[in-house]
Asks: 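Structure below; questions to follow.
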Amino acid sequence: MDKGAYDFTAIEKKWQDYWLRNKIFRTEDNGNKPKFYVLDMFPYPSGAGLHVGHPEGYTASDIIARYKRMKGFNVLHPIGWDAFGLPAEQYAIKTGTHPAETTQKNIDNMRRQIRGLGFSYDWNREVNTTDIHYFKWTQWIFLKLFNSWFDETQQKARPIEELPVPAGLSKEEREQYIHDRRLAYESFAPVNWCPELGTVLANEEVVGGVSERGGFPVIRKPMRQWMLRITTYCERLLAGLDQVDWPESIKKLQRDWIGKSIGAEVDFQVDGFDEVIRVFTTRPDTLFGATYMVMAPEHPLVDVITPEPYKVDIETYRKQAAQKSDLDRTDLAKDKTGQFTGAYAINPVNAQKIPIWISDYVLISYGTGAIMAVPAHDDRDWEFATKFELPIIQVVQPPVPVEGCFTGEGTAINSGPFTGLPTVEFKVKITEWLEGKGLGTKAINYKLRDWLFSRQRYWGEPFPILHTEDGRIIALDEKELPLTLPEVDDYKPTGNGEPPLAKAADWLSVTLPDGARARRETNTMPQWAGSCWYYLRYIDPANPNAAVDPEKEKYWMPVDLYIGGAEHAVLHLLYSRFWHMLLYDLGYVSTPEPFTKLINQGMILGLSYKDKRGVLVPNDLVEERDGKPYHKETGEPLDEFPAKMSKSLKNVVNPDEVISRYGADSMRLYEMFMGPLEATKPWNMRGVEGVHRFLGKAWRAMIDEQTGHLVPQVQDTPADEETLRLLHQTIKKVGEDIETFGFNTAISQMMIFVNHLSRLEVRPRQVVETFVLVLSPFAPHIAEELWHRLGRSCTLAYETWPAYDPELVREKQIELAVQVLGKIKDRITVAADASDETIQQVALASEKVQAAIGNKAIKKVIVIKPRLVNIVL
RNA sequence: GGCCGAGUGGCGGAAUGGCAGACGCUGGGGACUUAAAAUCCCCUGCCCGCAAGGGUGUGUGGGUUCGAAUCCCACCUCGGCUACCA
């Protein structure tokens, strides 16, 4: 190989070593520079390593970080590992390898891959959620949750010692009262149990009735669990969204997930009983149309009100419902099911007797677990009433007549004294009426449930909690943290919900100072725990005395820019906002919201193939002939299309392979050149070749491939006007595009510049050096090497970002199209500062334009300065 | 079913009220070479035409405007998320 060739492998290794060895990107916590905190979403160190989706967000954030450094900011740009989680544990179950060992191996591999891309992380701040010095503070935050309550009046969390407890309670009642208000509490409610995974899951982890990870069936099962009272923060979580600069789509996802709805709670007397069934409705205006009621099968009143002859059928139905997986319950293709209880309720507005049913389309966990059914104006009730032949009474007149069920707003009919009222007005009136009679009240409900926070796993943070033999729950003291994981022989869950930690006999039992015997909590925390607050730990990663030093926290927070995938919209991003609000309330952090600006990178798709019938063909069965894809075995011509990367389609692109063939700079550049950051885009290896050629061209414009020295064209001479203008246009465009995340167009501008530069006989040194600085955030390795060969002795990472001169950017001459009635007839060139009048004169002087006008009268001439002239006849 | 996003050459995309297709890929032609690779130069939306030139064109149909890929209305297609929350 010639010593001057663009040897990206050697160059990239050289500079990666240089940055690391000299700690070039080590960040200090002080300084008089303004701070900028740019954060990547926490990666899980998977055994499969990086896929091409990771470097997309990371490259974008790295370009921002490098650019901001050059713009004079003190930049915090850290990385670490969200390293607890199920895969390492399942591997342990299969092979007996300790999850810590697997995790370490995976981290080492991913760190190697990430370093190979040349990201400017401060490696002194690397964190790892499985490190005891890290999860000590995860446990500490849990204790804060456990030892806090939410003050509704002040709308904030406060220490549990400040909770006003009613006088005259017994010791046990007092304990219970406090426990019922802790932000972390034990519950025995039915939870999402996944037999396949041997653990329970949070609502957010169950998608379409199956587990989000693995797609296994999930059933409802009552179990003892730890919950976090995230619901107390519903209003704060909603309000905070107005304060942050996030994509509207993500804000909407969070708002919908919190799911605030305003309506009324109404009491229906059960005929012949003292009991009332309370329902929640957002449409109290349809009360006159309530023709039956439905309770969730689990509703406690079912036992009370069901008369003897109906008990057998009701019990059978309840058993069936309990055994159904969530998938069975939510599958819309299935008919509605239900069972009449034999009991009746009295509709409070018209004293009508209406039958009470149970059905699993009513959920025990939302509202009051019972509904009034208004089949004329609710799709679900309509479907149910039609199937079981229950009466349907219309009480809302639609603005325009509709067939079947009408769920919109209109005018009340068949509604006694309220007939004729518009829906909105009716809602207010009827709620007042109900309140006056003591039959109901205005009510707000949220879809968001408390966060199920325990898992029956080994590889997670242990809870700092003890259960005494006499049934008390005692939290460890902060001084006793961290509580580490015990060694076990067997990582397998027991299958009945008893976690693996229950097998660690020595670890399990504890004798308290007062002599009482206690057992440790055997559940562990979910993976989300560690990622809820990692952005705070980066600020002060080695602090043994606090999760984060308050002074440093004040300096660095909030995160100025957070880049990651949209799949975390309602999971991580909601959970970590909740924890942050708690820490804010207790005075440990200084900002109400953690992440000021959020950007979602789009998904990268792989190239895939299907035959004429639409059958998918894995990539290893595809061969190319004359640039067209064919089936290797059948010889059939195939269609190319983009599809989600998957093992089965064999269309996964491995970053290691791309780097070894084209280099990290080409990889980075291609990921950014593909299209807008937020868009979904298909990967195409030929595109990598394109940006790779661009880098080679930039290299050859400066370096002689034979000698490795500067080419003779690079000279210490002033630039010509055109070159200078293009350079300044490039500085301007690239800088502005970085600020607005338009990396693809920034790169095309640099391509235009290099195409020009390589054609020049004289390439002024000043111009060349400035361009290298502009290129450096995108392709830092080649930029450092060129900078070095241009005679500079240290890194360019802290050079000042070049300023452009607006005078030099401006073109001297401008070309305008001349249209007659919107059709282009000619082009004219005028001085850039020509007046509209002058331009008009020149345009009208054109023979072609005159010919197009003919003898018609000119009505109007529109001059749009740098673009065109339109003559209206 | 609901919500969100997107439809522009052979492909990725650019242009967010002002010359549609920047930049890159692919394809074609040429230069260099014994030859090839690499590199460099030229061409490359579609249709008609030998050409000069003309016509047409941003999913479909309508509208607003001197002017629409861009704004408005209706529809079609694709992708993502979500799913009985009363």
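Quick note on labels: first sequence line is chain A, next is B, and so on, each numbered from 1.
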Asks: Between Arg700(A) and rA38(B), does any side-chain N or O lie under 4.0 Å from OP1 or OP2?
Replies: no
Asks: Report the nucleotide, chosen from rG24(B), rC19(B), rA86(B), that has the shortest atom-to-atom distance to any side-chain atom of Tyr366(A).
Replies: rA86(B)
Asks: Assess whether side chain to side chain donor-acceptor pair (under 3.5 Å) is satisfied between Ser261(A) and Asn445(A), documenting all intermediate values.
Replies: CA-CA 5 Å; Ser261(A) 42; Asn445(A) 258 292; over 6 Å; no
Asks: Between rA31(B) and rA37(B), how many Å separate the two P atoms, rounded to a whole number?
Replies: 14 Å
Asks: From rA86(B), rC41(B), rC23(B), pick the nucleotide closest to the side chain of Val362(A)?
Replies: rA86(B)
Asks: Please step through side chain to side chain donor-acceptor pair (under 3.5 Å) for the pair Asn755(A) and Lys697(A), ending with a clear verdict.
Replies: CA-CA 8 Å; Asn755(A) 285 342; Lys697(A) 200 167 181 173; 2.8 Å; yes
Asks: So Met41(A) and Leu598(A), side-chain contact (heavy atoms from CB on, under 4.5 Å) or not? Walk me through it.
Replies: CA-CA 11 Å; Met41(A) 278 191 188; Leu598(A) 176 74; 4.2 Å; yes
Asks: Out of rA86(B), rC41(B), rC25(B), which has the shortest distance to the side chain of Arg759(A)?
Replies: rC41(B)
Asks: Do Glu248(A) and Lys252(A) sit within salt-bridge range, that is, some charged N less than 4.0 Å from a carboxylate O?
Replies: no
Asks: Among the nucleotides rC3(B), rG24(B), rA20(B), which one has an atom lying closest to any side-chain atom of Asn755(A)?
Replies: rG24(B)
Asks: Could you tell me how far rU26(B) sits from rU39(B) if I compare only their P atoms? Round to whole Å.
Replies: 10 Å
Asks: Ser758(A) near the nucleic acid: base, sugar-phosphate alone, or nothing, with a heavy-atom cut-off under 4.0 Å?
Replies: nothing
Asks: Which nucleotide, in any strand shown, forms a Watson-Crick or G-U wobble pair with rA74(B), with both distances under 3.5 Å?
Replies: rU60(B)
Asks: Looking at rA38(B), I'd like to know if its phosphate oxygens (OP1 or OP2) sit under 4.0 Å from a side-chain N or O belonging to Arg693(A).
Replies: no
Asks: In B/S/- notation, 5' to 3', how is nucleotides 5-14 of chain B contacted by protein heavy atoms closer than 4.0 Å?
Replies: -------BSS
Asks: Ignoring backbone atoms, test whether Lys823(A) places a side-chain nitrogen or oxygen under 4.0 Å from the OP1 or OP2 oxygen of rU56(B).
Replies: yes
Asks: With respect to the side chain of Lys336(A), which nucleotide from rG80(B), rC84(B), rC66(B) is positioned closest?
Replies: rC84(B)
Asks: With a 4.0 Å cut-off on heavy atoms, is Ile862(A) in touch with a base, just the backbone sugar-phosphate, or nothing at all?
Replies: base
Asks: From the set rG80(B), rG24(B), rU26(B), return the single nucleotide nearest to any side-chain atom of Lys644(A).
Replies: rG80(B)
Asks: Applying a 4.0 Å non-hydrogen cut-off, can you work out what Lys859(A) is touching in the nucleic acid: base, sugar-phosphate, or nothing?
Replies: nothing
Asks: Are Asn684(A) and Tyr670(A) linked by a side-chain donor-acceptor pair shorter than 3.5 Å?
Replies: no
Asks: Need to verify one output field. Residue with the more 5' nearest nucleotide on RNA chain B, Asp256(A) or Arg449(A)?
Replies: Asp256(A)
Asks: The side chain of Asn870(A) lies closest to which of these nucleotides: rC23(B), rA86(B), rG67(B)?
Replies: rG67(B)
Asks: Within the structure shown, what part of the strands sits under 4.0 Å from Glu815(A) by heavy-atom distance: base, sugar-phosphate, or nothing?
Replies: base
Asks: Nearest to the side chain of Arg867(A) - rC66(B), rC25(B), rG18(B)?
Replies: rG18(B)
Asks: Report the glycosidic orientation of rG7(B): syn if within 90° of 0, anti in every other case.
Replies: anti
Asks: Under a 3.5 Å cut-off for both contacts, is rG21(B) paired Watson-Crick or G-U wobble with anything, and if yes, with which nucleotide?
Replies: none
